[in-house]
Amino acid sequence: MMISSFYNKYSRQLIWGVFCTLPILTFLAELLPSNNDIETWLPKDSDVRIVYDRFKAEFGAEEVVLVAVQEGLDRPLLVEATASRIESLPTVRQCWTPQRLKSILHEFKVEPAEIDNRLNGLLMNSEKNVAGILVLLSDIGIRNRAGTVQGIREKLEYNQLTGNEVQLAGAPVVIAELDRLGSQKSNKKFFIITLLISLCLLYYSFREWKKTLATLGLTIWAINLTTALIYLGGGEMNFILGALSVMVMVFTLAISIHVHHYVASCIDEPDPLAVALKIAWKPCVLATLTTTIGLFSLTVSEIGPVIQFGYAASVGTFVSLITGLGLTPAVLTLWPIDPNMVHSGGKRWNFQHCANWLIDHSGRVSIATIILVMTTGVGLFSLRTKIDPLDFLPAEGRVIQDVRAVQNNLTELDSIEAIVDFGDEEIPFIKKVEHIRKLEAIIQQHPAVRHTMSLASFFPKQFPESPFETARLLSHAQSAHGDNDFTSDGERLWRISARISSDADLPQDQVYDELAVMIDDPNVILTGVAPLLRRAQNQIFTGFWESFSMAFVIITIVMIVSLRSIKAGLVAMVPNLTPICIVFGILGWYQIPIDIGIMMTASIALGIAVDGTFHFLVRYQSQFRLTRNSAQASRDSLLMTGEPIFTAAVITGAGMLALTLSNFVPTARFGYMMTSLLVAALVGDLVLLPCLLALRPKKSDDHNESDHTDSSQSSHDQQHTPHFLKQHQHGAKDQSGKAVA
């Protein structure tokens, strides 16, 4: 009664509090900044990250935008004028053009034919008459990539370079596009479609607009509260965290639908709200606890965005519990459920026929389902990973088209950097140049290497015979030392940049390994984005199994403790493997690679499956204490919890199909995966679990062992058995005698 009196007194204030705080939370949520830097995919203390950070500290950040100008070699003045305008941007440190590099190489006495040979495939393509402008970003530009890219495009338009005349490529362009596509603003339209679909299906379930709008309003409030907490906690948005809003929506709606159904099923009680909350709190809290464990397990990964999602999603799960279990009763107090609608509903009897059929054929259904799960689960052993930022961009988008055009018509964008450490020993400059050239020759032997460049590229093949002329060249090189990015630390560290062909059949991680073997020099360290992606790709696979295994073990322990039985806990976990085996097994069978976004859905799926499992099992325990008949208890529990589990999955699954319309690949993949996993979770929770429990053998001494210990609990359960279920139990023998015998 205390619960009901609380909501009778404060429900209106609670709903007004949600309504008044929603604009503030929405404002804070919009302030969440985006960060899709590739290097954030690995922790700062990883070995490849340490080497890459050192490389950036010594040679500057490898942040360049490459502008390809069609017919640019015939219009050198236009190319130079464009480079000068771009160079005037405060976000740009320096620009290189074919003409500028030719002038430098000419000053260093490089032969004209050799100059063209060195620049071809770097900043020019003589065959296709394409000229390139290499734009080096300043520190300000790196912090504002989107603004830098937009500024470059404006300068190009000013010089009337638009459409197919010019293409932009480079890491800043890709990251800026990832930030745009993965931003909340870009995904908002798809999320609105998701909400509209959920709104329609909620109304179909509730049959009352005020209650439907209020429930969906609570969901939006929970989403914005979660995002605002992340912002206040110093978090950042990334393309993985973009899925957080949908996840919070799924969990909040699921709890709200369960609470609504519990209240409806207890409508004939003197105080239906209090009775329903006494039934609902345990499965909701246990499901939230286990779901949080599943999501928090993602933090064992070494991939930055996945770690952030693990923390953020754990917060979101807690917010979903507070909203769904704490505020939904306020909605049901202000807009109570109409008893006439509950008693006249025909859907339940349709569901009752399904429940009867499943329990009556539990043996055959269990065998068929287990065969399906085991067959698809074999595909888990064939899972493979792939990570490429370009895969996240829409295939028909401008950015990916520009990148492909630059790679085909001008130069490669992917590079592996070799850092050569000459140590503290005094070595003549010319000797260093010769050593660098030998290393370049070795690197160029690899079939995937299209072009190499170093400080040695600025000197002639043969130094002048005159020592005075050689001295002049070296003096000129030292005076221009600050204008290049190929030496550091007083010429102790030298850099060789090797461009990797996009047409190579070998993956970059294999090219990296083979180059390391070919060089075989402890004083040469390979780095660049390729090793980062290589390590991230390995971590996707290991992180997938580590996070899932950790979640599965901990959730199994929680399940055993809550059910007070090792055997029951282990049996209950079998259906929770169903969505993983079916969906991820199919990915393995069809050789569909796992990326960062797909990998994290495994732990979310485990949490979703466990949610339905707990609602079913808590009810099963109560009914089994009453009937001492496992088949009957399973049938009753399916009637009690099956409809809200099914309704929540259908509403959220159908809503998430809207995400598949997004042209941002991670968002679309997340929509496909989560919809598939929700459907597969229904197979585990509403088919396999009830059928397995229905097959539980009945012990002859069940009544004798438990009459004394369970008498008070059975009395309590009998008091709070829903009215429609009591009627069903009374007539159960007539409908299916063998099931209740």
Side-chain angles (χ1 to χ4, degrees), residues 287 290 294 350-383 548 552 555-556 559 563 567-590 601-602 604-620 623-624 629-650 653 673-698 736 738-739:
T290 51
N350 294 330
F351 200 88
Q352 179 176 319
H353 292 317
C354 295
N356 287 335
W357 187 89
L358 281 174
I359 302 304
D360 291 345
H361 301 84
S362 55
R364 281 175 285 181
V365 172
S366 296
I367 293 173
T369 308
I370 291 173
I371 291 175
L372 170 67
V373 173
M374 293 181 65
T375 302
T376 54
V378 173
L380 292 173
F381 298 99
S382 301
L383 285 175
F548 180 77
F552 186 81
I555 290 174
T556 301
M559 191 76 75
L563 296 179
K567 185 177 180 180
L570 293 176
V571 171
M573 287 304 294
V574 173
N576 296 324
L577 290 174
T578 301
I580 306 298
C581 291
I582 292 177
V583 177
F584 281 87
I586 291 174
L587 293 182
W589 274 110
Y590 284 92
T601 60
I604 299 176
L606 186 60
I608 291 173
V610 167
D611 178 79
T613 300
F614 267 116
H615 281 283
F616 182 89
L617 284 176
V618 169
R619 202 64 224 161
Y620 170 83
Q623 295 306 119
F624 185 73
N629 185 297
S630 188
Q632 183 62 42
S634 185
R635 185 195 311 270
D636 294 342
S637 303
L638 196 55
L639 286 171
M640 179 70 176
T641 64
E643 188 176 327
I645 292 174
F646 181 81
T647 302
V650 169
M673 286 295 297
M674 291 307 299
T675 302
S676 302
L677 289 166
L678 280 166
V679 173
L682 287 179
V683 176
D685 288 332
L686 299 185
V687 177
L688 184 56
L689 180 60
C691 290
L692 285 177
L693 291 175
L695 296 174
R696 177 183 176 187
K698 180 181 177 181
S736 180
K738 63 179 180 179

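From a predicted model like this one, the values you see are computed outputs, not experimental measurements. When a residue number appears, it is its place in the shown sequence, counting from 1.
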Checking W589 side chain against T375 main chain: does a donor-acceptor pair fall under 3.5 Å? yes
Would you check, one step at a time, whether the test ring-ring contact (aromatic ring centres under 6.0 Å, His included) holds for H361 with W357? CA-CA 6 Å; H361 301 84; W357 187 89; 4.6 Å; yes
With a 4.5 Å limit on heavy-atom distance, are the side chains of L617 and L693 in contact? yes
Please list, chain by chain and in numerical order, all residues satisfying side-chain hydrogen bond (donor to acceptor under 3.5 Å, both in side chains) with S362, sequence neighbours excluded. none
Any side-chain heavy atom of L688 within less than 4.5 Å of one from T578? yes
Any side-chain heavy-atom pair of T613 and L689 under 4.5 Å: yes
Contacts of type side-chain hydrogen bond (donor to acceptor under 3.5 Å, both in side chains), residue T376, not counting sequence neighbours: none
Are side-chain heavy atoms of L686 and E643 found at a separation under 4.5 Å? no
Do I371 and M374 touch side chain to side chain, with heavy atoms closer than 4.5 Å? no
Is any side-chain heavy atom of S366 closer than 4.5 Å to a side-chain heavy atom of L695? yes
Any D685 side-chain heavy atom under 4.5 Å of F616 side chain: no
So, S630 versus Y620: side-chain donor-acceptor pair below 3.5 Å or not? yes
